[in-house]
Amino acid sequence: MNSAAVLVIGSANLDMVFQCDRIPKPGETILGTGFSTHPGGKGANQAVAIGRLDGRVAFMGCVGSDAFGDSLADSLRQAGVDLKWLSRSPDIPTGTASIVVDSSGMNSIVVAPGANGCVTSERVEAVLSEAAHEVVLCQLEIPLDAVEQASKAATFILNPAPACPLPEGLLARCAVITPNESETAMLTGIDPATNEDCLRAGKSLLDRGVKNVVITRGAQGSYWVSSAGGGRSFPAPFVSAIDTTAAGDAFNGALAVFLAEGRDMANAIALANCVGALSTTKRGAQESMPTLLELKHLAGDLY
């Protein structure tokens with residue numbers, strides 16, 4: 001297999017999804033309306049998103065030597081993801097996530113990393129030295145030192161989720177950073193409630209060395225701030241959302257592969273908005289990732 005256009009370095013989790021009328025308050029117990037399990041993890045979700053779009057993608061991560069790990073590997077493989085750098089831990093179980101989804105499609109998530117903690121900076125360094133990739137895409141569900149090592153790739157995209165303080169050197173190596181609204185507020189101290197706020201927050205990250213900031217804003221779409229110019233809002237297409245669980249992962253995978261394929265940033269963002277929106281029309285994480293045909297149908301002349 002030729003070197004993948006995108007190398008996703010990140011997490012793989014089994015998602016345990018609880019359906020309920022509303023998300024419980026702290027200390028409260030409520031009755032759910034359904035339960036299911038799904039392959040997930042931000043890294044694996046983003047890799048599957050790329051595979052479903054017929055992109056060339058490899059995934060580097062770690063799962064346990066258990067049934068959950070088997071399930072996750074099967075899901076990645078079925079999406080066409082290269083698993084050359086997926087390792088199996090004999091001692092540490094596969095990562096898991098508990099996801100509560102309310103009747104409007106909003107969610108609350110707790111992650112137990114498990115084997116994701118075995119993704120080390122040394123392994124990342126070895127993989128990056130072995131093969132060249134147009135884009136390396138990372139999140140923050142693996143150890144931060146591994147993410148810092150990944151940022152030394154020629155073109156590095158960081159999805160800073162879940163939010164945490166980031167070293168200045170890491171930010172300075174980001175070709176693109178893609179925080180959502182709450183992550184933007186944590187990183188910058190600015191709530192991106194309006195386009196003007198998005199521009200201010202984006203510029204504060206540019207001042208720290210980031211080349212492009214793409215703030216994802218759910219149903220409002222996304223906002224791009226670039227070191228080459230000002231800010232620009234990209235509205236999301238209207239869809240009937242039923243589950244927002246993996247919308248951010250769908251967006252990030254799509255953005256990475258479209259940039260790797262040579263599309264300009266504006267077109268890549270507009271298409272990624274479509275992919276993210278489509279993912280909310282199905283339940284689950286990896287199962288909700290749209291195909292290239294579905295994207296072409298929604299995007300029309302954008303594609």
Side-chain angles (χ1 to χ4, degrees), residues 1-15 37-63 67-88 94-95 115-116 119 123-124 127-128 130-139 141-142 150 153 155 157 159 178 245-263 268 271-272 274-299 303:
M1 182 175 183
N2 294 331
S3 178
V6 181
L7 172 63
V8 179
I9 302 175
S11 58
N13 298 316
L14 184 83
D15 291 346
T37 60
H38 306 271
K42 288 185 178 299
N45 291 347
Q46 291 172 17
V48 167
I50 296 170
R52 291 277 178 84
L53 295 171
D54 294 346
R56 292 185 296 112
V57 57
F59 176 69
M60 179 190 171
C62 185
V63 296
F68 289 174
D70 293 341
S71 175
L72 292 169
D74 286 345
S75 180
L76 287 158
R77 193 177 295 111
Q78 289 170 15
V81 179
D82 182 352
L83 299 183
K84 179 179 180 179
W85 295 298
L86 175 67
S87 61
R88 307 291 294 264
T94 298
N116 292 305
V119 181
R123 289 192 60 239
V124 172
V127 169
L128 293 182
E130 186 174 338
H133 304 86
E134 282 83 356
V135 167
V136 171
L137 172 62
C138 250
Q139 323 76 33
E141 289 184 338
I142 58 174
T155 302
I157 299 177
N159 173 217
T178 60
T245 299
D249 296 331
F251 177 94
N252 277 276
L255 181 67
V257 74
F258 293 139
L259 291 176
E261 291 174 353
R263 293 178 181 268
L271 289 173
C274 293
V275 174
L278 282 168
S279 76
T280 70
T281 65
K282 302 175 187 177
R283 296 199 184 279
Q286 293 174 23
E287 303 96 323
S288 74
M289 299 301 171
T291 64
L292 184 60
L293 184 62
E294 289 171 323
L295 170 62
K296 288 180 176 179
H297 179 74
L298 179 64
Y303 189 81

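Only a predicted model underlies this, so the values are computations on that prediction, with no experimental measurement involved.
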Check your understanding: Within the side chain of Asp249, is there an N or O that forms a donor-acceptor pair under 3.5 Å with the backbone of Gly43?
Key -> no

**Study point:** Donor-acceptor pair, side chain of Gln46 and main chain of Leu137, under 3.5 angstrom
**Key:** no

Review point. Do Val63 and Arg88 touch side chain to side chain, with heavy atoms closer than 4.5 Å?
Key: yes

Check your understanding: Less than 4.5 Å apart, any side-chain heavy atom of Arg123 and any of Met60?
Key -> yes

Check your understanding: Between His133 and Val6, what is the shortest heavy-atom contact and its length?
Key -> CD2-C, 4.5 Å

Review point. Is a donor on one side and an acceptor on the other found under 3.5 Å between the side chain of Thr155 and the backbone of Val135?
Key: no

Exercise for review: Compare every heavy atom of Asn45 with every heavy atom of Gly40, then report the nearest pair and how far apart it is.
Suggested key: CA-OD1, 3.1 Å

Check your understanding: Any side-chain heavy atom of Arg283 sitting closer than 4.5 Å to one from Thr245?
Key -> no

Study note, to complete from the structure: In terms of heavy-atom contacts, Ala250 and Gly276 come closest through CB-CA, 4.0 Å

Review point. Does Asp15 reach the side chain of Gln286, with side-chain heavy atoms less than 4.5 Å apart?
Key: no

**Study point:** Glu287 vs Lys282 side-chain heavy atoms within contact, under 4.5 Å
**Key:** no

Side chains of residues 252-259: which donor-acceptor pairs under 3.5 Å do they make with residues two or more places apart or in other chains?
residue: Asn252; atom: OD1; partner: Thr178; partner atom: OG1; Å: 2.5
residue: Asn252; atom: ND2; partner: Gly248; partner atom: O; Å: 2.7

Review point. Are Arg77 and Asp70 close enough for a salt bridge, meaning some N to O gap below 4.0 Å?
Key: no

Point to revise | Closest non-hydrogen atom pair, Gly10 against Asn116 | key: O-OD1, 4.3 Å

Point to revise | Nearest non-hydrogen partners of Ala150 and Ile9, listed with the distance | key: CB-CD1, 3.8 Å

Point to revise | Sub-4.5 Å side-chain heavy-atom contact between Tyr303 and Leu271 | key: yes

Check your understanding: When rounded to the nearest 0.5 angstrom, what distance separates CD in Glu141 from CG in Asn159?
Key -> 9.0 Å

Check your understanding: When rounded to the nearest 0.5 angstrom, what is the spacing between OG1 in Thr291 and CG in Leu53?
Key -> 8.0 Å

**Study point:** Distance (rounded to the nearest 0.5 Å) between Thr281 OG1 and Glu294 CD
**Key:** 7.0 Å

Review point. Measuring from Met289:CE to Arg52:CZ, what's the distance to the nearest 0.5 Å?
Key: 8.0 Å

Exercise for review: Report the distance from atom CG of Leu86 to atom CG of Leu72, rounding to the nearest 0.5 Å.
Suggested key: 8.5 Å

Point to revise | Pairwise distance CD1(Ile50) to CZ(Phe59) - rounded to 0.5 angstrom | key: 11.0 Å

**Study point:** Smallest separation among heavy atoms of Ala246 and Ser288, with atom names
**Key:** CB-OG, 4.2 Å

